[in-house]
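Here the structure is laid out as structure tokens; the discussion comes afterwards.
Counting convention: from 1, in listed order, for ligands and their atoms alike.
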Amino acid sequence: MKKILVTGAAGFLGSHLCDRFIQEGYYVIAMDNLITGRMENIQHLFKLPNFEFYDHDVTNFIHIPGDLDYILHFASPASPIDYLKIPIQTLKVSSLGTHNCLGLAKAKNARILVASTSEIYGDPQVHPQNEEYWGNVNPIGPRGVYDEAKRFQEALTMAYHTYHKVETRIVRIFNTYGPRMRLNDGRALPAFIGQALRGEDITVFGDGSQTRSFCYVDDLVEGIYRLLMSDHAQPINIGNPDEISIKEFAEEIIQLTNTKQQVVLRELPIDDPKQRQPDISRAKEILNWSPKVSRREGLARTYEYFKQLSQEELHKKDHNDFSNYKR
Ligand code: UDP
């Protein structure tokens with residue numbers, strides 16, 4: 001049985017990846033320090049004989065006994081409000097944490113895939129963004145802690161690839177959504193659905209003309225699976241090119257939830273990218289991958305998940321307490 005380590009396993013993407021590799025018949029070692037991850041996301045896997053969980057912070061040395069075939073490094077806060085609350089941890093997890101994961105890959109002769117992001121393109125001056133574009137990032141802005149750590153992660157990963165001959169893969173993930181997103185993580189989709197379910201106004205930042213392109217999680221997981229199994233070490237964009245303005249997106253959520261909420265405009269956060277759309281030609285050509293789930297279908301599935309949350313969960317203002325966290 002092939003063995004895979006998933007870091008950030010209790011998070012939104014990490015937990016879906018655990019599910020996928022369990023389905024594929026792997027032995028899955030899930031790792032998370034539960035700062036932004038939630039045990040509920042992986043609870044259903046604990047009864048399985050081919051699943052185990054380590055409560056561990058990957059910025060510290062990672063010890064895994066025995067053989068290891070694959071590593072998926074998905075540990076990181078991924079929402080702008082989290083980066084503001086835990087900026088140093090955000091920097092550490094994609095720098096020191098990536099270094100530990102790459103060292104582990106080298107020691108075990110394992111193939112490693114790291115989660116990069118469309119944020120490495122910053123507020124892009126090229127549209128849509130292809131992998132050749134170097135980006136437009138403010139290193140010291142509020143998003144800099146995430147963006148620069150992810151850029152450093154790519155540099156470190158390529159260095160391990162060229163210098164140590166480690167088998168590395170880099171996925172640049174564009175906005176992704178689906179069940180298990182954290183209701184109050186500040187991202188547009190859970191924010192809007194949460195507001196609709198609580199009967200609050202829908203807060204659109206700026207004038208809502210900024211665009212994003214939203215990919216359903218199952219499509220993303222398929223792309224990552226194909227990339228891991230490929231022999232392509234260069235970065236690959238995975239995302240859905242179906243671009244929409246945030247204002248229109250808010251209106252779609254109002255329709256979906258069948259509520260009478262109003263859109264209210266709020267101040268645009270600093271360095272909020274004005275537009276974002278993946279060029280997925282490389283993924284199409286090399287992985288024979290393209291997204292299959294329409295926004296209509298994906299949003300309906302996601303809404304089903306959020307509707308089932310308890311009233312208590314729905315009204316909790318802050319899901320994560322970072323106050324005891326060591327920096
Ligand atoms: N956004 C918004 N209202 C909210 C939360 C987010 O208008 O309550 C906007 C945000 O300013 C950004 C877009 O929605 O332009 C997507 O934000 P998200 O945090 O989901 O992802 P990112 O900015 O990292 O792409």
Side-chain angles (χ1 to χ4, degrees), residues 11-13 36 76-87 90 94 115-124 127-129 135-138 141-151 172-178 180-217 220 237-254 257 259 261-278 295 298-299 302 306 314 317-320:
F12 164 49
L13 297 181
T36 57
S76 175
S79 128
I81 60 167
D82 289 343
Y83 325 148
L84 289 176
K85 288 185 195 153
I86 42 171
T90 302
S94 292
S116 188
T117 165
S118 55
E119 281 285 320
I120 65 109
Y121 301 122
D123 189 3
H127 193 73
Q129 295 77 54
N136 177 38
V137 170
N138 174 3
R143 289 172 177 254
V145 291
Y146 183 70
D147 301 5
E148 293 296 359
K150 290 290 190 181
R151 290 170 69 93
R172 290 186 180 154
I173 300 171
F174 282 66
N175 293 66
T176 302
Y177 68 97
R180 302 186 193 152
M181 288 185 95
R182 249 164 58 223
L183 194 61
N184 289 336
D185 83 348
R187 316 300 295 272
L189 178 134
F192 294 166
I193 291 190
Q195 287 161 345
L197 287 172
R198 289 189 297 265
E200 297 167 3
D201 290 337
I202 309 288
T203 55
V204 165
F205 298 159
D207 62 3
S209 63
Q210 71 273 29
T211 66
R212 294 293 185 274
S213 309
F214 295 95
C215 182
Y216 188 66
V217 63
L220 184 92
N237 289 341
I238 299 284
N240 191 324
D242 188 3
E243 187 181 3
I244 184 173
S245 77
I246 293 300
K247 182 113 188 280
E248 284 171 291
F249 187 59
E251 277 150 15
E252 281 191 2
I253 302 279
I254 291 173
T257 54
T259 47
Q261 265 44 66
Q262 289 184 359
V263 165
V264 291
L265 302 182
R266 294 278 177 269
E267 198 178 337
L268 189 68
I270 298 167
D271 295 337
D272 198 283
K274 282 180 271 313
Q275 51 182 4
R276 188 183 283 154
Q277 184 193 35
R295 203 169 49 243
L299 285 181
T302 307
F306 281 111
L314 201 58
K317 276 292 168 210
D318 197 355
H319 286 249
N320 293 83

Within ligand 1, which atoms have a heavy atom of [X] less than 4.0 Å away?
{"X": "Phe192", "result": "2 (C), 3 (N), 4 (C), 7 (O), 8 (O)"}
{"X": "Arg276", "result": "22 (P), 25 (O)"}
{"X": "Asn175", "result": "21 (O), 22 (P), 25 (O)"}

ask   = Is Ser79 in contact with ligand 1, taking contact as a heavy-atom separation below 4.0 Å?
value =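 Not so, Ser79 does not reach ligand 1.
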
Closest approach of any protein heavy atom to [atom], naming residue and atom:
{"atom": "atom 11 (O) of ligand 1", "result": "Asp272 OD2, 2.6 Å"}
{"atom": "atom 13 (C) of ligand 1", "result": "Ile246 CD1, 3.5 Å"}
{"atom": "atom 1 (N) of ligand 1", "result": "Phe205 CD1, 3.4 Å"}
{"atom": "atom 24 (O) of ligand 1", "result": "Arg143 NH1, 3.4 Å"}

inquiry  = Students often mix this up, so state it plainly: with edges at 30° and 60°, are the rings of Tyr146 and Tyr83 parallel, tilted or perpendicular?
reply    =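 Because their plane-to-plane angle is under 30°, the rings of Tyr146 and Tyr83 count as parallel.
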
task = Give yes or no for whether the N/O distance cutoff of 3.5 Å, strictly under, is met between Gln195 and ligand 1.
result =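 Between Gln195 and ligand 1 (N or O atoms, distance only) the closest approach is not under 3.5 Å.
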
task = Using a 4.5 Å cut-off on heavy atoms from C-beta on, say whether the side chain of Leu299 contacts that of Tyr177.
result =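 They are in contact (side-chain heavy atoms under 4.5 Å apart), so the answer is yes.
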
key: Minimum side-chain heavy-atom gap Val217-Leu13 below 4.5 Å   =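 In short, these two side chains touch, coming nearer than 4.5 Å.
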
query = How does Gln210 reach ligand 1, by side chain, by backbone, by both or by neither, if only non-hydrogen atoms under 4.0 Å count?
reply =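 Contact part for Gln210 vs ligand 1: side chain (C-beta onward).
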
inquiry  = Can you tell me which portion of Arg212 lies within the under-4.0 Å heavy-atom range of ligand 1? Options are side chain, backbone, both, or neither.
reply    =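 Within the 4.0 Å criterion, Arg212 contacts ligand 1 through side-chain atoms alone.
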
task = Give the single entry among Ser245, Ala191, Ala78, Ala188 that approaches atom 18 (P) of ligand 1 most closely by any heavy atom.
result =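 That would be Ala188.
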
ask   = Considering only heavy atoms, which of Thr203, Val263, Val204 lies nearest to atom 3 (N) of ligand 1?
value =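 Of the listed residues, Thr203 has the closest heavy atom.
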
inquiry  = Could you tell me if Gln277 and Thr211 have a donor-acceptor pair between their side chains, going purely by distance under 3.5 Å?
reply    =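 No - no donor-acceptor pair under 3.5 Å links their side chains.
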
Pair [X] + [Y], salt bridge at N-O below 4.0 Å:
{"X": "Arg295", "Y": "Glu252", "answer": "yes"}
{"X": "Asp82", "Y": "Arg187", "answer": "no"}
{"X": "Asp207", "Y": "Lys247", "answer": "no"}

key: Positive for side-chain hydrogen bond (donor to acceptor under 3.5 Å, both in side chains) with Glu119, one of Arg172, Arg143, Arg151, Lys150   =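 That would be Arg143; it is the only one of Arg172, Arg143, Arg151, Lys150 passing the side-chain hydrogen bond (donor to acceptor under 3.5 Å, both in side chains) with Glu119.
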
query = Checking Arg212 side chain against Pro273 main chain: does a donor-acceptor pair fall under 3.5 Å?
reply =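 Between the backbone of Pro273 and the side chain of Arg212 there is a qualifying donor-acceptor contact (under 3.5 Å).
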
